[in-house]
Amino acid sequence: MRDTEVRPDAAGLRNARRQRVLDAMELAGIDILISGREPNARYIAGVPRLWINGSRPFGPGCVIARATGSIHIVSTWDEGVPDDIPHENLHGITFNGANTLAWLTKVEGASTAKTVATDGLMPSTLGLIRKAFPSAELVDGEELMRRVRAVKLPDEVDAIRRAVRVAEDALLAAEAALTPGVTERQITAVFMGHMAEAGVTTPSTQDIAWITSRTNAWARSSRDTAVAADDLVALDGGVIADGYVGEVGWTAAVEGVAKVGMSLVSAWDGLWDRLLAACRPGNPASSLLDAYITAGIPLPPMPVARGLGNGNDMPLVTAGLPETAAALRLEAGMVLAVTAYVWGDGVGALYGKAPVLLTDAGPELLSAKPLQDSRS
């Protein structure tokens, strides 16, 4: 029987992350930080909570006070809450504004705080926050959290590596089930089942397999198409394990690499080499976009690279935001999900995604399976 006890994140990891947040608050002159975004709340508090994917109304789920380092969280029970967050700092879920106001005013230094930051806001909560912190200027806290979370601690890299292993093993099981006649949904079911057997129940994406189109570079089949013998099938798996996202992807050629065509393979290999060469600290994030341009390959609509961590971390490198990518500098300690995509008319697409740790010595792949092996 599997251990189902909910435990907080390891003390060393919790403390190191919190100190980073407190140091950033000190530097920015922020007295109190309010987080309503689940990855930020997990990063600060270290408390496993219900992962909610998608949009939801903003609510102050986690509050940290700089002067004392105390943390208040919304939680209906003590399970998974570390001992350094006392029971009186837990506040039940409420839809009553008066109750929310009451617990915000209990935060240490609420009445005298000069600067309060929040990572999100709704009109209905703005008035409550102003009442709870009457002397404070309200500022953006999401940018602070993005900066803090972008560069990973060594323990965070290890956590991402473990999540990647779960995703990779589940995706290998899905690939083993890939035969002519199986559907995309059946492949997805294999992935989900293997993931659950590994003790992880939260995927980071619902689409695990899709048949690449031979007539349109960016099209995909319907969501339950049967695989044919000459299809190129993109496999893309991700999980959320112990709060960290691990993702990996590759292309399965049902009849082997000979069916793909060596020109397409050569183009993909050349692009991948350029992408890895761009993963150097100090480079602008736009150098990853330049890898496609110099290779003569059209930029894909999906992100070329994005940060992995407690959620969708920075940087985000996409063709739709070239100015943003140009303004961002890559740093040692970032972990990127890097994507290479090459399409051939009449053949389909070669797709690959790998988690890459940026180091001063060069990029380090956190996945065990070389992407090139997946096409044979």
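Throughout, residue positions are numbered sequentially from 1 according to the sequence presented.
Between Leu101 and Ala132 the shortest heavy-atom distance is CD1-N, 3.6 Å. Nearest heavy-atom pair, Val164 versus Glu247, reported as atom, atom and distance to 0.1 Å: CG2-N, 4.1 Å. The heavy-atom pair separating Lys152 from Asp313 by the smallest distance is NZ-OD2, 3.1 Å. Annotation for Arg306 and Asn312: closest pair NH1-OD1, 3.3 Å, computed over non-hydrogen atoms. For the residue pair Ala113 and Ile32, the shortest heavy atom distance occurs at CB-CD1, 3.9 Å. Considering all non-hydrogen atoms of both residues, Thr105 and Ala110 come closest at O-CB, 3.8 Å.
Here Leu171 contributes atom CG and Met195 contributes atom CE; the two are 12.0 Å apart, rounded to the nearest 0.5 Å. Rounding to the nearest 0.5 angstrom, the gap separating the CG atom in Leu288 from the CD1 atom in Ile293 is 11.0 Å. Atoms CD1 and CD1, from Ile64 and Ile30 in turn, are 11.5 Å apart once rounded to the nearest 0.5 Å. Rounded to the nearest 0.5 angstrom, Lys106 NZ and Ser70 OG are separated by 13.5 Å. Here CZ of Arg161 is found 12.5 Å from CG of Leu308. Values are rounded to the nearest 0.5 Å. Distance check, rounded to the nearest 0.5 Å: CG of Asp158 to CG of Asp242 gives 12.0 Å.
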request  = Could you walk me through whether Asp236 and Asp207 pass side-chain contact (heavy atoms from CB on, under 4.5 Å), step by step?
outcome  = CA-CA 7 Å; Asp236 187 13; Asp207 286 330; over 6 Å; no
task = In sequence, state the C-alpha distance, the side-chain angles, and the governing distance for Arg37 and Tyr43, and then conclude on side-chain contact (heavy atoms from CB on, under 4.5 Å).
result = CA-CA 10 Å; Arg37 299 191 178 192; Tyr43 191 95; over 6 Å; no
message = Does Met314 form a side-chain contact (heavy atoms from CB on, under 4.5 Å) with Glu143? I'd like the steps, not just the answer.
response = CA-CA 10 Å; Met314 296 301 286; Glu143 183 59 31; over 6 Å; no
Test log, rule side-chain contact (heavy atoms from CB on, under 4.5 Å), inputs Leu172 and Trp250 = CA-CA 10 Å; Leu172 285 167; Trp250 58 77; 3.8 Å; yes
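Residues passing the ring-ring contact (aromatic ring centres under 6.0 Å, His included) test with Tyr244, sequence neighbours excluded: none. For Asp290, the salt bridge (Lys or Arg N to Asp or Glu O under 4.0 Å) test picks out no residue, with sequence neighbours left out. Annotation: ring-ring contact (aromatic ring centres under 6.0 Å, His included) contacts of His194 (sequence neighbours excluded): none. Under the side chain to side chain donor-acceptor pair (under 3.5 Å) criterion, Asp31 pairs with Arg66, not counting sequence neighbours.
The main-chain N or O of Gly92 is never found under 3.5 Å from a side-chain atom of Thr76 such that the two would form a donor-acceptor pair. Asn310 places a side-chain N or O within 3.5 Å of a backbone atom of Gly243 that can act as its donor or acceptor partner. Within the 3.5 Å criterion, the main-chain N or O of Tyr351 finds a donor-acceptor partner in the side chain of Thr251. In terms of modelled atom types and a separation under 3.5 Å, the side chain of Arg14 and the main chain of Asp9 share a donor-acceptor contact.
Under the 4.0 Å criterion applied to side-chain N and carboxylate O atoms, Glu38 and Arg42 are not assigned as salt-bridge partners. The pair Arg17-Asp155 does not count as a salt bridge, with every side-chain nitrogen at least 4.0 angstrom from each carboxylate oxygen.
Between Leu121 and Leu138 the shortest side-chain heavy-atom distance falls below 4.5 Å. Contact of the Ile187 side chain with the Leu235 side chain is registered, since non-hydrogen atoms from C-beta on lie closer than 4.5 Å. Contact check for Asp345 versus Trp343: side-chain heavy atoms found under the 4.5 Å cut-off. For the pair Glu184/Val233, no side-chain contact is recorded, criterion being any heavy-atom separation below 4.5 Å from C-beta on. When side chains are defined from C-beta on, Arg18 does not count as touching Val21, because their heavy atoms never get closer than 4.5 Å. Proximity of Val239 to Phe191: side-chain heavy atoms (C-beta onward) are separated by under 4.5 Å at one or more points. No side-chain heavy atom of Thr212 sits less than 4.5 Å from a side-chain heavy atom of Asp231. With a 4.5 Å cut-off on side-chain heavy atoms, Pro8 and Asp83 do not count as touching.
Under the side chain to side chain contact (heavy atoms under 4.5 Å, CB included) test applied with Ile240, the options Ser204, Pro203, Pro39 reduce to a single match, Ser204. A side chain to side chain contact (heavy atoms under 4.5 Å, CB included) with Leu90 is found for exactly one of Val47, Val74, Asp78, namely Asp78.
Using a 3.5 Å distance cut-off with no hydrogens or angles, the side chains of Gln19 and Asp23 do pair a donor with an acceptor. With hydrogens and angles left out, the side-chain atoms of Glu364 and Thr359 include no donor and acceptor closer than 3.5 Å.
Tracing side-chain contacts under 4.5 Å through hydrophobic residues (I, L, V, M, F, W, Y), one reaches Val304 starting from Leu358; they form part of the same cluster. There is a path of hydrophobic side-chain contacts, each under 4.5 Å, that joins Met145 to Ile71. Val166 and Val190 are members of different hydrophobic clusters when ILVMFWY side chains are connected at heavy-atom separations under 4.5 Å. No path of Ile, Leu, Val, Met, Phe, Trp and Tyr side chains, each step under 4.5 Å between heavy atoms, connects Val139 with Leu126, placing them in separate hydrophobic clusters. In terms of hydrophobic clustering, with Ile, Leu, Val, Met, Phe, Trp and Tyr side chains grouped at heavy-atom distances under 4.5 Å, Leu232 and Trp272 are assigned to a common cluster.
Applying the side-chain hydrogen bond (donor to acceptor under 3.5 Å, both in side chains) test to every pair with at least one member in residues 275-286, sequence neighbours left out, gives no pairs at all.
Dense packing is recorded around CG of Asp84, with more than 12 heavy atoms of other residues, nucleotides or ligands lying under 6.0 Å away.
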Compile the donor-acceptor pairs under 3.5 Å between side chains in residues 318-341 and protein atoms, sequence neighbours left out, one pair per line.
unit_1, atom_1, unit_2, atom_2, d
Arg329, NH1, Gly282, O, 2.8
Tyr341, OH, Ala217, O, 2.5

